[in-house]
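Input: a single structure, listed below in structure tokens.
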Amino acid sequence: MPGLFQRLIAPKPRAVERDSIPLALHDGRSVDIQRVRDPRAKRIKLSVDERGARLTLPMRASLVSGDRFLHEHRQWLSMQLEKYSSDDDLPGLVRDRTASLPLRGEAVALHWHEGRYARLSHDAGTGLLHFHAPLRASEATLRRALREFYEAEARADIGRWLPKYLPSLPRAPARIRLKVMSSQWGSLSPDGSLALDLALVLGSASAFEYVLVHELCHLLHANHGAAFWREVEARSPAWRAERDYFHAEGRRLKATLRRLLGS
């Protein structure tokens, strides 16, 4: 019973601790920073996304060191927050006014039509998009039709790419879900379920395929070690260029999808 005894006396892992602190920026604005003490954190980290700014501290780090880190990075923080605030200027989905929609790295011309129900289709012959909807269709109805269209287009892409990779994998994904993800582009759960960001279909098709390859390779290696990256490179030799694409365009793609879907 030594194993059971050691588990009984072992200290319980500490829970993540959260609070909020104000910070005065160089331009005079005051912003609230979410401060998180995380037992898994190995270093102090400052990050910004659509939800705001977050300061992550290891358990051993003092509050004073966290405050000092914040003040040293105020200028960077102000620039990042400015980028996210500019997302408010992105156009949304407006009937008869939205003239194009992003798809596979291009702005595709959109034509509006009156119809019995809301649906969006892609004319392969002309390359145009056609949005049919009742004149009194609500904003939520239009956004739902747009999301369904993007999901169908993304699944069509995945359906074209997946068969060529499956023979070299130990198994197929248990299922594939398309989600609106705040920071990640994809993830693979322990049960083999694959999740991909719906914003991928807005951007470069090759970048989308790279993310699919990346997550499929986690069926071979659960970590990001050298063996994992060898598997990625064997299937996607240009993966570094695709990663650079996300560094340059990723935030814009995610912000555009949020604006169009109202999420």
If two hydrophobic side chains count as joined below 4.5 Å and joins carry through other members, does [X] share a cluster with [Y]?
{"X": "Val94", "Y": "Leu146", "result": "no"}
{"X": "Leu142", "Y": "Leu128", "result": "no"}
{"X": "Leu219", "Y": "Leu166", "result": "yes"}

Looking at Glu151 and Arg155, does any basic side-chain N land under 4.0 Å from a carboxylate oxygen?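 Not counted as a salt bridge, because no side-chain N and carboxylate O are separated by less than 4.0 Å.
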Can a salt bridge be assigned to the pair Glu233 and Arg240 using a cut-off of 4.0 Å between side-chain N and carboxylate O?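 Yes, this pair counts.
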Given Glu209 and Glu242, is the side-chain contact (heavy atoms from CB on, under 4.5 Å) satisfied, shown in steps? CA-CA 9 Å; Glu209 187 174 3; Glu242 307 300 355; over 6 Å; no
State, to 0.1 Å, how close [X] and [Y] come at their nearest heavy-atom pair, and which atoms those are.
{"X": "Leu260", "Y": "Leu93", "answer": "O-CB, 4.0 Å"}
{"X": "Phe131", "Y": "Ala118", "answer": "CE2-CB, 4.4 Å"}
{"X": "Asp32", "Y": "Pro22", "answer": "OD1-CA, 3.9 Å"}
{"X": "Thr141", "Y": "Ser138", "answer": "OG1-OG, 2.9 Å"}
{"X": "Ala133", "Y": "Ala137", "answer": "CB-CB, 4.3 Å"}
{"X": "Trp76", "Y": "Ser47", "answer": "CH2-CA, 4.5 Å"}

Heavy-atom count check: over 12 atoms from other residues, nucleotides or ligands less than 6.0 Å from Lys42 NZ?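 Atom NZ in Lys42 is not crowded, with 12 or fewer foreign heavy atoms closer than 6.0 Å.
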Side-chain contact test, heavy atoms from C-beta onward, threshold under 4.5 Å: evaluate it for [X] versus [Y] and give yes or no.
{"X": "Phe246", "Y": "Lys254", "result": "no"}
{"X": "Leu216", "Y": "Trp161", "result": "no"}
{"X": "Leu63", "Y": "Arg37", "result": "yes"}
{"X": "Arg43", "Y": "Phe69", "result": "no"}
{"X": "Leu23", "Y": "Leu55", "result": "no"}
{"X": "Leu202", "Y": "Tyr150", "result": "yes"}
{"X": "Asp157", "Y": "Leu212", "result": "no"}
{"X": "Pro134", "Y": "Arg136", "result": "no"}

Partner of His113 under side chain to side chain donor-acceptor pair (under 3.5 Å), chosen from His130, Arg119, His132: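 It is His130; the other options fail the test.
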Checking Leu70 against Ile21 for the side-chain contact (heavy atoms from CB on, under 4.5 Å) test, could you report, in this order, the C-alpha distance in whole Å, the side-chain angles of both residues, the deciding distance, and whether it holds? CA-CA 11 Å; Leu70 266 180; Ile21 56 174; 3.6 Å; yes
Roughly how far, to the nearest 0.5 Å, is the [atom2] atom of [Y] from the [atom1] atom of [X]?
{"X": "Leu194", "Y": "Ser187", "atom1": "CG", "atom2": "OG", "value": "7.0 Å"}
{"X": "Arg175", "Y": "Arg177", "atom1": "CZ", "atom2": "CZ", "value": "4.5 Å"}
{"X": "Glu215", "Y": "Ser189", "atom1": "CD", "atom2": "OG", "value": "10.5 Å"}
{"X": "Leu25", "Y": "His71", "atom1": "CG", "atom2": "NE2", "value": "9.5 Å"}
{"X": "Glu72", "Y": "Asp67", "atom1": "CD", "atom2": "CG", "value": "11.0 Å"}
{"X": "Ser168", "Y": "Arg235", "atom1": "OG", "atom2": "CZ", "value": "3.5 Å"}

Under the side-chain contact (heavy atoms from CB on, under 4.5 Å) criterion, do Phe149 and Leu129 qualify, and how do the steps go? CA-CA 10 Å; Phe149 169 77; Leu129 296 174; 3.5 Å; yes
Describe, in one word, how the ring planes of Tyr210 and Trp239 are oriented to each other, choosing from parallel (under 30°), tilted (30 to 60°) and perpendicular (over 60°).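 Geometry flag for Trp239 against Tyr210: parallel rings.
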Side-chain donor or acceptor of Ser78 paired with backbone N/O of Arg74 under 3.5 Å: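 Judged by distance alone, no pair lies under 3.5 Å.
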Suppose we screen for side-chain contact (heavy atoms from CB on, under 4.5 Å). Which residues come up paired with Glu139, at least two apart in sequence or across chains?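 Arg143.
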I want to know whether His214 and Phe228 have ring centres closer than 6.0 Å.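 So the answer is yes for these two rings.
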Between His218 and Glu231, is the side-chain contact (heavy atoms from CB on, under 4.5 Å) condition met? List the steps. CA-CA 9 Å; His218 280 309; Glu231 297 290 351; over 6 Å; no
